[in-house]
Amino acid sequence: MSEKKKKEGGLAGIIAGKTAICTVGDGHSLRYRGYDIYELAEHASFEEVAFLLLYGELPNKKELEDFNKKLFSFRILPQAVREILKLIPKDSHPMDVMRTGVSALGNFMREKEDFSNQDEIALQILGASPSILLYWHAYHIHKKELDFESKKDSVLKDCTAKFFLETLHQKEVPQLWVEAMNVSLILYAEHEFNASTFTTRIISSTLSDLHSSVVGGIGALKGPLHGGANEAAMELLNSIPKVDSVIEIMQKKLENKEKIMGFGHRVYVTSDPRNVVIKQWSRKLGESVGNAELYDKSEVIEKFMWESKKLFPNLDFYSASAYHFMGIKTEYFTPIFIMSRESGWIGHIFEQRKDNKLIRPNAEYIGVGDRKFVPLEKRS
Ligand code: COA
């Protein structure tokens with residue numbers, strides 16, 4: 001048993017609904033639609049997993065080809081969305097760029113009120129999301145507009161991991177990176193009633209549209225207690241200059257009652273099953289780029305946190321170093337989480353819509369008792 005003290009509140013431990021999409025914390029396993037996350041991470045592509053989350057079954061070859069063809073076609077952003085992205089300041093947070101980008105998409109290809117084009121909209125959001133970040137990045141960082149049209153061959157062909165990494169870096173990247181990113185997208189894709197997924201379900205329970213629900217999910221994911229933890233974990237690693245200083249710095253942080261980002265979990269008690277997978281990839285990537293120090297620092301932090309607080313790394317902790325080794329800017333870590341988790345969100349939105357009931361819980365009132373209204377001029 002963990003010694004981690006659980007606080008009441010935050011709906012901890014409350015069953016807030018039913019789902020057939022994912023099991024979290026059932027033993028130590030994580031399953032998407034019955035499939036073990038370890039098997040999916042080893043054998044599947046992110047696109048197969050996205051199909052599974054959306055439609056309940058793994059696709060056959062033909063289904064996957066059709067799915068990918070449609071998905072990849074949405075990487076070519078509408079011109080109006082490109083214009084909007086150009087207007088977003090260079091120093092905006094990329095999570096805000098994603099939020100605005102997905103919201104903008106909804107104005108140019110709307111979901112019908114009877115949701116009859118929901119499949120099309122789902123693929124539009126999933127397909128276009130990497131391009132939103134990439135377009136804004138290229139425009140502001142490299143001062144160039146991404147030319148999706150003349151590069152159609154690769155834009156419409158490569159898997160999400162390769163498309164994202166190679167468009168970001170504007171060059172071929174090692175196959176190891178593509179594999180690592182593919183695994184990371186699978187690990188991040190779905191996690192039951194986490195804060196952002198629950199947000200998307202609440203929004204869709206009002207019969208609102210997919211874009212609005214996903215934009216709400218992005219807002220919830222941005223916070224450092226949720227998706228923003230991967231960015232915050234990298235900041236933690238950066239704040240520690242070398243392996244030798246880990247213990248002293250970490251001790252101070254705990255004395256100051258600081259939250260250590262990338263550690264702990266609301267549902268898991270002794271470990272996050274996704275950690276062993278991403279940790280291996282982080283090690284491999286670190287070795288491949290000749291940066292052992294960052295990985296070593298991470299391991300010392302992990303050991304220290306377990307010995308001092310019985311807290312374990314969650315998926316975000318080693319995702320931070322893994323992404324760093326692939327040359328990705330820290331502020332892009334959580335947007336990558338969006339690109340992946342959108343598949344889980346949309347699976348949940350579809351599920352919510354199938355048997356919808358407005359999500360509207362009650363609150364326990366703890367405010368003052370009844371009192372008489374005092375007119376403004378009589379208030380002291
Ligand atoms: N660093 C330091 N202490 C932590 C901690 C962390 N990352 N996570 C939990 N704790 C401690 C709390 O300080 C608290 O101790 P206290 O009772 O002495 O005050 C106790 O453990 C319970 O924490 P609490 O935040 O109430 O539990 P929770 O179930 O609400 O928290 C998280 C779950 C994920 C929000 C929490 O572990 C956290 O903030 N982690 C860091 C952010 C993160 O990595 N988020 C991504 C999650 S996948």
Side-chain angles (χ1 to χ4, degrees), residues 1-16 22-26 28-30 32 37 95 184-199 217-240 246-247 249-279 282 297-324 330 333-338 340-341 344-345:
M1 261 312 264
S2 159
E3 286 165 21
K4 179 185 160 192
K5 282 187 267 166
K6 279 275 175 197
K7 282 188 186 152
E8 284 183 4
L11 299 181
I14 305 285
I15 305 277
C22 172
T23 45
V24 173
D26 179 12
H28 291 289
S29 77
L30 169 62
Y32 297 169
I37 188 72
M95 285 298 281
S184 158
L185 293 173
I186 291 173
L187 297 177
Y188 266 134
E190 163 57 12
H191 219 217
E192 200 221 45
F193 278 17
N194 57 86
S196 59
T197 302
F198 198 51
T199 304
I218 294 173
L221 193 75
K222 184 181 176 191
L225 294 189
H226 187 15
N230 57 12
E231 178 178 336
M234 193 65 226
E235 282 156 11
L236 166 77
L237 288 163
N238 284 337
S239 73
I240 301 176
V246 167
I247 305 292
I249 294 176
M250 292 298 295
Q251 262 163 352
K252 278 209 185 99
K253 285 183 188 289
L254 291 188
E255 275 161 32
N256 295 336
K257 302 247 173 270
E258 275 181 47
K259 273 268 169 95
I260 308 303
M261 295 309 178
F263 282 83
H265 200 270
R266 171 58 69 77
V267 180
Y268 300 125
V269 188
T270 50
S271 66
D272 178 338
R274 302 165 297 179
N275 179 56
V276 284
V277 182
I278 199 65
K279 186 176 171 181
S282 170
K297 243 195 297 187
S298 308
E299 274 204 318
V300 181
I301 296 175
E302 177 181 357
K303 190 164 179 284
F304 171 83
M305 286 301 286
W306 183 253
E307 284 170 0
S308 53
K309 296 270 292 180
K310 290 286 174 281
L311 282 168
F312 52 87
N314 55 51
L315 174 59
D316 294 313
F317 187 62
Y318 284 97
S319 296
S321 46
Y323 289 170
H324 182 83
T330 305
F333 293 2
T334 322
I336 296 172
F337 194 161
I338 296 179
S340 156
R341 183 57 62 84
W345 291 340

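Order of listing sets the numbers, starting from 1, for every ligand and every atom in it.
Ligand 1 has no nitrogen or oxygen under 3.5 angstrom from a nitrogen or oxygen of M305. The N/O atoms of D316, backbone and side chain alike, include none that comes under 3.5 Å of an N/O atom in ligand 1. Residue N314 places at least one N or O, backbone or side chain, under 3.5 Å from an N or O of ligand 1. Some N or O of L225 is nearer than 3.5 Å to an N or O of ligand 1, by distance alone. Residue F263 has at least one nitrogen or oxygen atom sitting less than 3.5 Å from a nitrogen or oxygen atom of ligand 1, judged on distance alone.
Applying the 4.0 Å criterion to heavy atoms of A229 picks out, from ligand 1, the atoms 43 (C), 44 (O), 45 (N), 46 (C). Which parts of ligand 1 touch G262 is read off a 4.0 Å heavy-atom cut-off, strictly below it: atoms 43 (C), 44 (O). Those atoms of ligand 1 that come under 4.0 Å of a heavy atom in H226, given as number and element, are 46 (C).
Considering only residues two or more places apart in sequence or on other chains, A195 meets the side-chain contact (heavy atoms from CB on, under 4.5 Å) condition with H226.
Within the 4.0 Å heavy-atom shell around ligand 1 one does not find A12. Contact analysis puts P224 in contact with ligand 1, with a non-hydrogen atom separation below 4.0 angstrom. A heavy-atom separation below 4.0 Å is found between E258 and ligand 1.
Counting heavy atoms from C-beta outward, L187 and L30 have side chains that stay 4.5 Å or more apart. When side chains are defined from C-beta on, T197 counts as touching R341, because their heavy atoms get closer than 4.5 Å.
Here the straight-line distance linking atom CD of E302 with atom CD1 of I260 works out to 14.0 Å at 0.5 Å rounding.
The residues K252 and E258 are annotated as not salt-bridged, no charged nitrogen and carboxylate oxygen being separated by less than 4.0 angstrom.
Atom 3 (N) of ligand 1 has its nearest heavy-atom neighbour, among L311, I260, L315, in L311.
Between S282 and the choices S319, S184, S321, the side chain to side chain donor-acceptor pair (under 3.5 Å) rule is met once, by S321.
Using cut-offs of 30° and 60° on the angle between ring planes, the pair Y323 and F333 is perpendicular. Between W306 and F312, the ring planes lie tilted relative to each other; the angle falls in the 30° to 60° range.
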